[in-house]
Amino acid sequence: MNKCPNCLASNPFKKVYRDGLVFVKCEYCNTIFEDTSTRKTREVSERVRNEVQNDVQKEKSSGKALAIGIGLMILYFIIDTISKLY
């Protein structure tokens, strides 16, 4: 946003932070707009953070499944070896 739609001043905006939101305020006429560029960035960063958390949880669960599978294979070979000895 380069011009204020209210007073038509060029580049009069200043960022204002209130209640965790980012607003843009015209220095001349004090018109306040929500800064949508930071909101989109925040939404994207939250989405990326959620995707990373989901990937980490999937990796943890797949690692547990692999460990259980290897343990069962070792147990099978032990039981098979013992049964062949008797």
Side-chain angles (χ1 to χ4, degrees):
M1 197 182 293
N2 292 331
K3 290 188 176 187
C4 177
N6 197 21
C7 68
L8 301 177
S10 296
N11 295 322
F13 300 111
K14 177 174 124 179
K15 288 191 176 185
V16 179
Y17 301 94
R18 290 185 187 163
D19 298 329
L21 298 175
V22 180
F23 295 98
V24 180
K25 179 181 178 183
C26 177
E27 295 178 352
Y28 299 105
C29 66
N30 294 327
T31 305
I32 297 177
F33 304 98
E34 185 177 358
D35 189 6
T36 57
S37 63
T38 58
R39 184 179 68 198
K40 289 178 184 175
T41 305
R42 185 173 51 227
E43 290 172 356
V44 169
S45 65
E46 288 175 8
R47 188 178 321 129
V48 169
R49 186 173 358 115
N50 290 338
E51 289 176 3
V52 169
Q53 287 176 350
N54 290 340
D55 290 344
V56 168
Q57 289 175 351
K58 287 178 185 177
E59 288 177 8
K60 285 182 181 178
S61 64
S62 66
K64 289 179 184 177
L66 180 65
I68 291 171
I70 291 173
L72 289 174
M73 287 176 32
I74 292 171
L75 184 63
Y76 171 76
F77 288 123
I78 291 172
I79 292 173
D80 187 48
T81 306
I82 292 173
S83 67
K84 288 180 182 178
L85 291 176
Y86 293 108

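None of the values given here were measured: they were computed from a predicted structure. For reference, positions follow the sequence shown, starting with 1.
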With sequence neighbours left out, what residues match Glu51 under side chain to side chain contact (heavy atoms under 4.5 Å, CB included)? Arg47
Supply the members, apart from Tyr28, of the Ile/Leu/Val/Met/Phe/Trp/Tyr cluster built from side-chain contacts under 4.5 Å; use none for a lone residue. none
Side chain to side chain contact (heavy atoms under 4.5 Å, CB included), that's the test. Do Lys14 and Val24 meet it? Break it down for me. CA-CA 6 Å; Lys14 177 174 124 179; Val24 180; over 6 Å; no
Can you give the donor-acceptor pairs under 3.5 Å from side chains of residues 66-85 to other protein atoms, not counting sequence neighbours?
residue, atom, partner, partner atom, Å
Asp80, OD2, Lys84, NZ, 3.4
Thr81, OG1, Phe77, O, 2.7
Ser83, OG, Ile79, O, 3.3
Ser83, OG, Asp80, O, 2.8

Just verifying a value: how many Å separate Cys4 SG and Lys25 NZ, rounded to the nearest 0.5 Å? 12.0 Å
